[in-house]
Each structure stands twice: as C-alpha cells, then as structure tokens.
Amino acid sequence: MAHRSPGGLLSFAMLILAFDVSGTLASPKIGNPVKSATFLSPEFVLGPGSVENRYYSNIDFPRGHVGIKSFHAEVIDDSGNPIALHETYLHHWVVAKYYQRRGMAENEDKHKFQLSDYKLARNGGICQGNVLGQHFGLGSETRKTDTHVPDPYAIEIGNPDEVPEGFEEKWLLNVHAIDTRGAVDRLGCTECRCDLYNITVDEYGQPLRPGYVGGLRCCYDQTQCKVQQGYGGGRRSLYLRYTVEWVDWDCSIIPVKIFIFDVTDTGKKAKWFNRTWSREWLPGKNFCFSDITFIRHSCLVEYNVESCSSANAASDGCIDVKRTSLTMPVSGYVIYGVAHQHTGGAGSTLYGEDGRVICSSDPIYGTGKDITSGEKLLLESNYNSTQKHTGVMGLFYILVADRTPNSTNFLYSPIHIHKNIKVSTPAVAIVALFGLALAIAVGLLSRMKKGREEGYQPIMA
C-alpha cells in the first residue's frame, strides 16, 4: 500500500495481513452467504498534537462482483485495542473507488506518473467534479452508526460491465486523525483552528484566504496542534481497522446508488451555449450541448458557526440553522440516510419538496421515503451556537434504489436466514501504488435516526 507524503514524495509500505473471513449462510433455497472480512490500514504514528491525513491506494477490499451490506471502521493501537476518541480524534475516514490501467508497471517516479492510467469512479453525486465523490466514509461517529443496508438491497461493486476496457477496479483509503493528548484546547484542535496549529499557508504553500480561521486547510498531514508545556506523552503506532460485509451478486439483489448532499452547496442554475463540455469525472469524454440549462454545484464542504447573542439564546436556544435547496437528479426510493456533523451538531433533516421529512438524523453525545427526479429538496443542518465552531460540516448521505421488491415474489423475501459458518482464510497483501489526491471530506459525531414507516416512498426526477 502506498501513501502520499506531504512533500509529494512516494514511500512504500508492505503489509502482510492474516484475516478471518466469516460467513452466515442464508436459507438453502436461496443459498447466498453473507461474508465478512476485517482488514488493517498501513501503520501511522502519532504523538501528542500531531495529525495524520494521508491517502493509501490499492487497499484490501472484497473482490469480484459483490454487494456491500455494511462497512465499519475504528482506530486501534498495535495491540488491537480501540483508541478513545478523546485521545485520537478520527476526523474522517473515506474509501473511494478508482480504476487503474491493467498491466501498468508500478513506479515511484512521480514525474512518470500518467493521469490517463487512472479513472475515479465517483458516487451518484451531486457535488461538482470529484468533490465528495467517495463511496464510504464516516468520522468519530463510526463506532455508533449502523451502516447496514437492508435486504434485498446492496451497494454494487465489481460489475465487469462498468469497468472501462483495459482497466481494473481498485480502492483508495484516506485517514484523517488528530492526536489530542495534552492539547491546550482539545475542541480547538479537532476543529482545526489555525492559530492553534500556527498555520498561515495551506499544504500546497498557498496563503490562507482572509478570514479563514479554522478548517481542513489548517490541519493537514504532519501539522502540529499546540500542547501543554512539559506534557510528556509519547508517540504510538496506530491503524484503521475496517470490517466489510458483503454477498455475491445475484438477480435477487436490488442495487442502490449513493448520493451525498452538502448544506454549503449553492446549486445555482447555469447555461451552456452551443459548446463542448468535458466532464471532469469522465476524462476524454466530450459531450456537445446546445443552449441547455443545468445545475452548477458548488460544495464548499465546511463552514463556520458563529457564537450566538444573548437575544438569540432567549429566542432560539442558540441553535444555528443552515439550509440549502437541492435538486434530485434521479427518481427512486430512499433506503438509508445518515448525516455527518462535527462536535456541536444538533441534528440534520432532509425535506421533500412538499415539506415531508424524508430522513432525520440526530446526534448521540428510515426504512425510507420517496424522492422524484427534479424534485426540490431542502437540507437543514443545525448546530449549537453557544460557542463558535470552525470548519464544521453539514453532509447528508442517502442510498436510493430505483425500485422496491415485489412482496409477492419469494425471491425478495429476507434472504439472510442465518446459519453460522466460520472460515479462516489467510491473505497476503503486498501493494505499492502512487497516492491519488482527491478532494474529499466527511464530518463527525452524528448517526441516523431510523424512521419506522411502512413501505418505501418514492422520489421523482
């Protein structure tokens, strides 16, 4: 597995993994076992106040044409013990799919790296370019968030018909962790306040824009947050341990598409007049349009919450409310939804055009609603504003299926009537690839609150 160092140089890590693959066998009439495997990221080392934010390519991941049912992750030490969040804050982890040209020789010379040898396979949208294009990702809430996709749905990967000719499917991991042991201001470190990191330029050496006081640009890889004078905590080796559950793909499974909404998205209308447009996520594919209107998205990923006044405290309880209007690009049924917010988040709700609640996600410190292609959605993100917060996020993930199962068809009854089976399988992963840089980020400390309504309601394009 390879990672991208701050200076852009390549370094390589060889990791030999022995992991358990366990399966729970479905009813013999259906016979599709749920498989599970646990993997480790490459080692990263953190000391008090230090930051890890690196990209690891060609990570271990289920192979073949399968349907992902769940994805869990957490930070552990070299003895396999989970690390407390008040010691190492998992700002986010993200897993993205990409395609690499078959037979391409690995090389460590970045000057010989050819972008044409890679293609990002982003999710269903809706942000611009490759922003928030990941398939999986959470933050510190990962230990308490249920990511299970209910039957008969699954996230389809490895479909040979979708892989570009001459390429193969691979996966990229980004881990952003902050060691807050001994921090002068633990919350300030996790919110990436620039003064605590003594940062005036971003990771590319560009000056921060005026008024930028905190966020991702101030806590990039190898930065250092201020710690108490004389604090003696040592450096330690850590890993991201992630567990994936999946089933082999078959005709009884209904695929779901992943959409990520951002409350900072302006989503303004724009026009193209008789010109050729090259889509960022399909390199080399040009499309001609003649005077059409489309939505130009502008997802900023993060924003600040100002502290409230005494007058606001009396009227709204110091809750900052941010909203944005979004247009749904496809029709379908919302199978799952979850919000991502930072510390101070007070919940997030996705509304339909008629004001109905599609999904509500509450922090902890539905089966689904219908959406129509072209429907105007309203995303609302709430934060406690008794104190200022910097670099917060208001993201909302949903999984959308284009159909629901026919309840009279036995093929669509729950397919995982389990009989436990354990299989131990050794795996050796020896990988070394150039790190791909993606504009990706996710938020923290929130989980889905499942609505218990009968059936799935549709959304329209």
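None of these values were measured; they are calculated from a predicted model.
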Side-chain touch T88/L238, heavy atoms, less than 4.5 angstrom: yes
Residues E87, R236: salt bridge by 4.0 Å N-O rule: yes
Main-chain N/O of L132 paired to N123 side chain as donor or acceptor, under 3.5 Å: yes
Y351 side chain near T349 side chain, heavy-atom distance below 4.5 Å: yes
Derivation of the salt bridge (charged side-chain N to carboxylate O under 4.0 Å, His left out) call for R101 and D117: CA-CA 5 Å; R101 192 177 300 280; D117 292 327; 2.9 Å; yes
Partners meeting ring pair (Phe, Tyr, Trp, His ring centres under 6.0 Å) with H86 (sequence neighbours left out): none
Set of side-chain contact (heavy atoms from CB on, under 4.5 Å) partners for R235, sequence neighbours left out: V45
4.5 Å side-chain heavy-atom contact, L240 and L40: no
Residue pair N32, D250: steps toward the side-chain hydrogen bond (donor to acceptor under 3.5 Å, both in side chains) verdict: CA-CA 9 Å; N32 196 358; D250 64 44; 2.9 Å; yes
Residues forming a side-chain contact (heavy atoms from CB on, under 4.5 Å) with N81, sequence neighbours excluded: D77, S79
Pairwise side-chain contact, I260 with C127, heavy-atom cut-off 4.5 Å (strictly under): no
All side chain to side chain donor-acceptor pair (under 3.5 Å) counterparts of S70, not counting sequence neighbours: E245
Pair S50-Q224, side-chain donor/acceptor within less than 3.5 Å: no
Flag, side chain of S361 to backbone of A339, donor-acceptor distance under 3.5 Å: yes
By ring pair (Phe, Tyr, Trp, His ring centres under 6.0 Å) - contacts of H389 (at least two apart): none
Output field: ring centroids H91/H342 closer than 6.0 Å: yes
Sequence-distant partners of T264, side-chain contact (heavy atoms from CB on, under 4.5 Å), two or more places apart: D262, L300, Y303, K322
Residues forming a salt bridge (Lys or Arg N to Asp or Glu O under 4.0 Å) with R186, sequence neighbours excluded: none
Pairing residues for D248 by the side chain to side chain donor-acceptor pair (under 3.5 Å) criterion, not counting sequence neighbours: K35
pair check: C194 + C218, SG-SG < 2.5 Å: yes
4.5 Å side-chain heavy-atom contact, L172 and Y56: no
salt_bridge(R193, D185) N-O dist < 4.0 Å: yes
Check against side-chain hydrogen bond (donor to acceptor under 3.5 Å, both in side chains), E43 and S237: CA-CA 6 Å; E43 174 193 37; S237 297; 2.4 Å; yes
Beyond-backbone contact of K69 with W246, side-chain heavy atoms, under 4.5 angstrom: no
Side-chain H-bond candidate by donor/acceptor type, T243 with T38, under 3.5 Å: yes
Residues in salt bridge (Lys or Arg N to Asp or Glu O under 4.0 Å) contact with K97, at least two apart in sequence or another chain: E169
Note, R54 side chain near L173 side chain (heavy atom, < 4.5 Å): no
Ring pair (Phe, Tyr, Trp, His ring centres under 6.0 Å) against F71, all qualifying residues, sequence neighbours excluded: F61, W93, F136, Y242
Under 3.5 Å: donor-acceptor pair, side chain of T390, backbone of V213: no
Contacts of type side-chain contact (heavy atoms from CB on, under 4.5 Å), residue T223, not counting sequence neighbours: V51, Y197, I199, C219, Y220
Results of side chain to side chain donor-acceptor pair (under 3.5 Å) for D78 - residues two or more places apart only: none
Option from V66, I68, I253 for which side-chain contact (heavy atoms from CB on, under 4.5 Å) with V247 holds: I253
